[in-house]
Asks: 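The following block contains the structure, expressed as structure tokens.
What you are looking at is a predicted structure, and each value in this text was computed from that prediction instead of being measured. Indexing begins at 1, ligand by ligand and atom by atom, following the structure's order.
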Amino acid sequence: MTTPHNGKLFIETVGCQMNMLDSELVVGALRKQGYSLTDDVREADTVLFNTCSVREHAEHKIYSALGRLKFSKQARPNQVIGVLGCMAQKDQELVFQRAPHVDLVVGTGQLAEVPKLIDSARERRERSLAVSLDRKEGGRAAVSDSFQSYDPLREPEMRPTPHQAFVRIVIGCDKFCTYCVVPMTRGPEQSRPPRDIRHEVQVLADQGVKEVTLLGQTVNSYKHTQDGRLFRLSDLVEQIHEVDGILRLKFVTNFPKDMTDDLLQAVRDLPKCAQYLHVPAQSGCNEMLKRMKRGYTVEDYREMMGRIRSTLPNAAISSDFIVGFCGETEEAHQKSLDLIRECRFKNSFIFKYSPRPGTKAFELYADDVPEETKKHRNNEMLAVQNQISAEDNARFIGSDVEVLVEGPSRNELKRGDTTSSTGPVQLTGRTTCDRIVVFDGNPRLAGTLAQIQVDDCTPTTLIGQIVTREVQHGSSTLLPILV
Ligand code: SAH
Ligand code: SF4
Ligand code: F3S
């Protein structure tokens, strides 16, 4: 049992969608005990950082934030400071050494313990470290068990919008790409039972969620046997598709080798599935892919793209690339640019290689591409990708697109309160192919589908105006909307 509490909680989250989901769940558990959220760290008596270790920069950010809190307990002796997530699992005791004022270090597999550990930190001024086994510390079953699945009741207010929710379907990763810490920080790959996932989606739909994004580091590696039947991602998607109230279904991140035809056909045949796939290539050079231990060649990736394009001709594909990986020559870099030009990704997330202690690449290969060269290649790749994104977005000018309205745009939120606003404000939504669209409209449209006529664009955004609105409750009548 944990103690009821009326304290103020500050939480900062960095990293991927998995971390956003974890923060939502931790905050949900703490709010049930009476905590309320604050965005001012100075007035918080519980300060949590949900951390990421994928690149050094992400860790740096958190250690700097911790550094700024060094003397904060002098003013608030009751304050509890906790480090959660991937860096907690990776650095363990080292966090206490680098930041002695930290009270808790809780890994990704122990988040259910957070409320209890905060209480004991406050009541007994006890420090605690709760982490899972290292991957070599035990057999597969023992290590897997030490990474508990953490999926308690959900906290709608922590979501980017109340209509969109993440649902974890695969925990951990077994691919061991040589540059990557995730298999260490998130543990062995484990697929959650379809029954639990479907139930969670049903609960979310009952709460008003319209868009569900299924999460896994290699989401399309999903496999679970339930009642003697093997469920792959295509089977799971088919099940979730039946849940009433859900209008759109996505899944990230896909691993190229596991992109099977049954999944592509499910996306083609099930109308709620977003016509969008994130399938990181990482490099366009076979030598680099081999060193990265990605398990495919450029030819394999190309073959997969061919299958995607023929099954899903209107789908948008996005990718991740690492520039400046160990031994990357100018020629290898040019091959990555060629792959981007050939595949015409909707967008690519581009990262400069960051050597990570504990990974194979760190052990085996020198980080031999100078920082200046990494920066240059990063900018060059960004320019190539941006041009493609701009050209592709321009094709939409003059046409109508259907968007799921998310809510007021970031600009609008910066300007202040939009909830009490009566007139139109700038809204954002996304098309089924994941393109961001901004337009003016009533904030109450959030969570509905709207038709937008596209008038203009940037490389990242389509800009337009509302044409009609589809009524959600049973009928499909199209009404003109006055804004
Ligand atoms: N599971 C996903 C991605 C997880 S990490 C996948 O396999 O695609 C998100 C992205 O961070 C990766 O796709 C990769 O491009 C990048 N990344 C991972 N480790 C990195 C490192 N050490 N340095 C730079 N970028 C890295
Ligand atoms: Fe990291 Fe590779 Fe797993 Fe993605 S697939 S999380 S890049 S090890
Ligand atoms: Fe970072 Fe952990 Fe996600 S290392 S990218 S927060 S899985």
Asks: Can you give me the closest heavy-atom contact between Tyr296 and Tyr301, atom names plus distance?
Replies: CE1-CD1, 4.2 Å
Asks: Between Lys73 and Asp103, is there a side-chain N and carboxylate O pair less than 4.0 Å apart?
Replies: yes
Asks: Quick check on Gln217 - does any of its heavy atoms sit under 4.0 Å from an atom of ligand 3?
Replies: yes
Asks: Which heavy atom of Arg186 sits nearest to which heavy atom of Arg168, and what is that distance?
Replies: NH1-NH1, 3.8 Å
Asks: Do any heavy atoms of Met18 fall under 4.0 Å from ligand 3?
Replies: no
Asks: Would Arg98 count as a cation-pi partner of Tyr63, with NZ or CZ less than 6.0 Å from the six-membered ring centre and within 45° of the ring normal?
Replies: yes
Asks: Do the side-chain N and O atoms of Gln110 and Ser132 include a donor-acceptor pair separated by under 3.5 angstrom?
Replies: yes
Asks: Could you list which atoms of ligand 3 come closer than 4.0 Å to a heavy atom of Asn19?
Replies: 6 (S)
Asks: Where do Arg435 and Lys346 land on the side-chain contact (heavy atoms from CB on, under 4.5 Å) test, with the steps shown first?
Replies: CA-CA 8 Å; Arg435 289 188 162 83; Lys346 174 180 76 85; 3.9 Å; yes
Asks: For Phe251 and His278, I'd like to know if the aromatic rings sit close, meaning centre-to-centre distance below 6.0 Å.
Replies: no
Asks: Answer yes when Lys290 and Glu287 have at least one side-chain N-carboxylate O distance shorter than 4.0 Å, and no when they do not.
Replies: no
Asks: I'd like to know if Asp174 and Arg140 make a salt bridge, using a cut-off of under 4.0 Å between side-chain N and carboxylate O.
Replies: yes
Asks: Is Lys175 in contact with ligand 1, taking contact as a heavy-atom separation below 4.0 Å?
Replies: no
Asks: Do the side chains of Lys175 and Asp258 get close enough for a salt bridge, i.e. N-O under 4.0 angstrom?
Replies: yes
Asks: Does NZ or CZ of Arg291 fall inside the cone over Phe325's six-membered ring, less than 6.0 Å from its centre and within 45° of the axis?
Replies: no
Asks: Hey, does the Lys NZ or Arg CZ of Arg229 hover above the aromatic six-ring of Phe231, less than 6.0 Å from the centre and inside 45° of the axis?
Replies: yes
Asks: In ligand 1, which numbered atoms sit nearer than 4.0 Å to a non-hydrogen atom of Thr253?
Replies: 2 (C), 6 (C), 8 (O)
Asks: List ligand 1 atoms under 4.0 Å from Arg356, heavy atoms only on the residue side.
Replies: 22 (N)
Asks: Decide whether the shortest distance between a heavy atom of Ile322 and an atom of ligand 1 is less than 4.0 Å.
Replies: yes
Asks: Looking only at protein heavy atoms, which one is nearest to atom 2 (C) of ligand 1, and what is the separation?
Replies: Gln217 O, 3.6 Å
Asks: Among protein heavy atoms, which sits nearest to atom 13 (O) of ligand 1, and what does the distance come to when rounded to 0.1 Å?
Replies: Asp320 OD2, 2.6 Å
Asks: Which residue and atom name correspond to the protein heavy atom nearest atom 23 (N) of ligand 1, and how close is it?
Replies: Ser354 N, 3.0 Å
Asks: Could you tell me if Arg127 sits above the aromatic ring of Phe96, with its cationic atom closer than 6.0 Å to the ring centre and no more than 45 degrees from the axis?
Replies: yes
Asks: Considering only heavy atoms, which of Met18, Met292, His57, Arg55 lies nearest to atom 17 (N) of ligand 1?
Replies: Arg55
Asks: Considering only the protein, which heavy-atom contact is closest to atom 3 (Fe) of ligand 3, and what is its distance?
Replies: Cys16 SG, 2.3 Å
Asks: Suppose I only count heavy atoms of Pro280 and a 4.0 Å limit; which atoms of ligand 1 are within that range?
Replies: 8 (O)
Asks: Tell me if a side-chain donor or acceptor on Asp45 pairs with a main-chain N or O of Gly7 at a distance below 3.5 Å.
Replies: no
Asks: For atom 14 (C) of ligand 1, grab the closest protein heavy atom and report residue, atom and distance to one decimal in Å.
Replies: Gln282 OE1, 3.5 Å
Asks: Answer yes or no: does atom CD of Glu342 have more than 12 heavy-atom neighbours from other residues, nucleotides or ligands under 6.0 Å?
Replies: yes
Asks: Closer than 4.0 Å to some heavy atom of Tyr179 - which atoms of ligand 2 meet that?
Replies: 7 (S)
Asks: For Arg294, counting its heavy atoms only, list the atoms of ligand 1 lying under 4.0 Å from any of them.
Replies: 7 (O)
Asks: Students should be able to answer this: which protein heavy-atom is nearest to atom 24 (C) of ligand 1, and at what distance?
Replies: Lys352 O, 3.3 Å
Asks: Which heavy atom of the protein is the closest neighbour of atom 5 (S) of ligand 1, given with residue, atom name and distance?
Replies: Val54 CG2, 3.9 Å
Asks: One thing to verify: whether Asp338 and Lys335 come together as a salt bridge, which I'm taking to mean a side-chain N less than 4.0 angstrom from a carboxylate O.
Replies: no
Asks: Quick one: give me the number of protein N/O/S atoms under 2.8 Å from atom 2 (Fe) of ligand 2.
Replies: 1
Asks: List the closest protein heavy-atom neighbour of atom 19 (N) of ligand 1: residue, atom name, distance to the nearest 0.1 Å.
Replies: Tyr179 CD1, 3.2 Å
Asks: For the 3.5 Å polar cut-off, considering only N or O atoms, please tell me whether Tyr353 and ligand 1 meet it.
Replies: no
Asks: With heavy atoms under 4.0 Å as the rule, classify the contact between Cys86 and ligand 3 as side chain, backbone, both or neither.
Replies: side chain
Asks: Any idea which protein heavy atom is nearest atom 1 (Fe) of ligand 3, and the distance to it?
Replies: Cys52 SG, 2.3 Å
Asks: Looking at atom 4 (S) of ligand 3, what's its closest protein heavy atom, distance included?
Replies: Ser53 N, 3.3 Å
Asks: Is Glu330 paired with Arg377 through a side-chain N to carboxylate O contact shorter than 4.0 Å?
Replies: yes
